There are 2 protein chains.
Amino acid sequence: MNATVPKVTVQRLPVYLRCLEGLSPGQEHVSSDQLAQLAGVNSAKVRKDLSYLGSFGVRGVGYDVEHLRFQIRIALGLEEDWSVVIVGIGNLGRALANYAGFGDRGFNIVGLFDADPAKVGTKVDGLAIESLKNLERSVRSKKASIGLVTTPAAAAQETADVLAAAGIRSILNFAPTVITAPDGVYIRRVDLSTELQVLSFYLHRRRSD
Amino acid sequence: MNATVPKVTVQRLPVYLRCLEGLSPGQEHVSSDQLAQLAGVNSAKVRKDLSYLGSFGVRGVGYDVEHLRFQIRIALGLEEDWSVVIVGIGNLGRALANYAGFGDRGFNIVGLFDADPAKVGTKVDGLAIESLKNLERSVRSKKASIGLVTTPAAAAQETADVLAAAGIRSILNFAPTVITAPDGVYIRRVDLSTELQVLSFYLHRRRSD
DNA sequence: ACATGTGAAGCGCTTCACAGCG
DNA sequence: CGCTGTGAAGCGCTTCACATGT
């Protein structure tokens, strides 16, 4: 059952998890239908997705909310703590550093880094911004495994190189550019201007239909 | 040729566009191979994607950079101007409002809104924050068609309802929750904590392989 | 009676591989 | 010769529909 979870399923699991956490505390069971409605998908998808994690449902009843929640957290690795560093403390980096709802806990920000000497030493949300020179030492000593890249586009690849060299194993890239890293370093891109341009496509398309 | 562009292709077009804009100014032609390398995909995908827009390439030569750039901009609707409003001016909303590289121009922020009376009237990047009561009037008079939702999760659905009622036709939802809108309103979600949890899955998975 | 779990069919995207053309 | 454009094959995800289990 657990061999391979489709990529698309992995992306939906956090959504299911959040829906479960939003259920009224009294509710003990949830059906694939109800979960589907909350998550904005159809119920077959919910059942298939959950079946990759195991057979947690009870026919005629649904899924035990508490148990399912736990199983999804296990599958996503949320029962472990992950240490996160942020590189590039501009507006976005600062916003992320302050982002309280940081993944239902489990993700701890342990370092902020910036190339600008004027920023080094100033504090954001209680954490001092460090020089990039400290990055490798800091990542290793704090066992950080996730890096958020919020630098300008021009600095993103170099930043990724430094993070990879320091032992970071996952990068979330907010800079508007495509970056690469050696095998073993997993990268995801979160790209605002791309998202806006996709919206533009569909707006435009509808207007001229 | 132009009937249907696959969703995944639409999402890659902005990336190609950015790669083209990053080329050295002297370069007149680009091959699917080079573009693929820059965009982090393979060349067959580039050719297929571009073929949905038309046959712009020259066999044995490649694509004319300037022409291709223009055609992608046309396809994405970037030759039009779009007006954008932001609802929820916390850290993230503020960061987005300040985001200069806002989609290579074409996306103009025309309104900032917040429910907190203490924030109303204060300026961000030269634009005054308005009360939600002004939203509908402001959206209509400024012909805004895109709304960015950066409210807390609890307020996101209500915000989307207001935006939809005001005539907004596309929503980019940054709040960590799934929202719905009537047919005709296109929604995309940008979800930080989901992204982190996906990273966690792959980190966890690799550790216990 | 009711909701899950799942083979099987369907669908859309990716990749291959090569004909077509400058 | 080199690179595009594209049928066709391959692959992975979605959806259907129902047997299964309580």
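Naming convention: chains lettered A, B, ... in sequence-line order (proteins, then strands); numbering from 1 in each chain. Nothing here was measured: the structure is a model prediction, and the numbers come from that model.
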Requested in this report: For residues B:Ile109 and B:Leu96, report the shortest heavy-atom separation together with the two atoms involved.
Outcome: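 Result for this residue pair: CD1-O, 3.8 Å.
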[atom1] of [X] versus [atom2] of [N]: gap in Å, rounded?
X       : N      : atom1 : atom2 : value
A:Asp49 : C:dG5  : CG    : P     : 12 Å
A:Tyr52 : D:dG12 : OH    : P     : 11 Å
B:Gln34 : D:dG2  : CD    : C1'   : 15 Å
A:Asn42 : C:dT6  : CG    : C1'   : 15 Å
A:Leu53 : C:dT6  : CG    : C1'   : 15 Å
A:Lys7  : D:dT14 : NZ    : C1'   : 16 Å

To the nearest 0.5 Å, what is the distance between [atom1] ([X]) and [atom2] ([Y])?
X        : Y       : atom1 : atom2 : value
A:Asn42  : A:Gln37 : CG    : CD    : 11.0 Å
A:Phe113 : A:Ile89 : CZ    : CD1   : 9.0 Å
A:Tyr16  : A:Leu76 : OH    : CG    : 12.0 Å

Requested in this report: May I ask you to verify if any side-chain N or O of A:Ser32 is less than 4.0 angstrom from the OP1 or OP2 atom of C:dA3?
Outcome: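 Negative; the distance criterion is not met.
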Report task. Please check the phosphate of C:dT15 (OP1 and OP2 only) for any side-chain N or O of B:Lys45 closer than 4.0 Å. Result ->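 So the side chain of B:Lys45 is within the cut-off, an N or O lying under 4.0 Å from OP1 or OP2 of C:dT15.
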Tabulate protein N/O versus nucleotide N/O from nucleotides 5-9 of chain D, keeping only pairs under 3.5 Å, one per line.
residue : atom : partner : partner atom : Å
D:dG5   : OP1  : B:Phe56 : N            : 3.3
D:dG5   : OP1  : B:Gly57 : N            : 2.8
D:dG5   : OP2  : B:Tyr63 : OH           : 2.7
D:dG5   : O4'  : B:Arg59 : NH2          : 2.9
D:dG5   : N7   : B:Arg47 : NE           : 2.9
D:dG5   : O6   : B:Arg47 : NE           : 3.4
D:dG5   : O6   : B:Arg47 : NH2          : 3.1
D:dG7   : O6   : B:Lys48 : NZ           : 3.3
D:dA8   : N6   : B:Lys48 : NZ           : 3.3

Report task. Could you tell me whether A:Asp33 contacts a base, only the sugar-phosphate backbone, or nothing, with contacts defined as non-hydrogen atoms closer than 4.0 Å? Result ->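 Result for A:Asp33 = nothing.
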Query raised in the report: For A:Glu28, does the CD atom sit with more than 12 other heavy atoms under 6.0 Å from it, leaving out its own atoms?
Result: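 Atom CD in A:Glu28 is not crowded, with 12 or fewer foreign heavy atoms closer than 6.0 Å.
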Report task. Starting from the C-alpha separation in whole Å, work towards a yes-or-no answer on side-chain contact (heavy atoms from CB on, under 4.5 Å) for A:Thr194 and B:Arg18. Result -> CA-CA 9 Å; A:Thr194 289; B:Arg18 208 154 44 208; 3.9 Å; yes
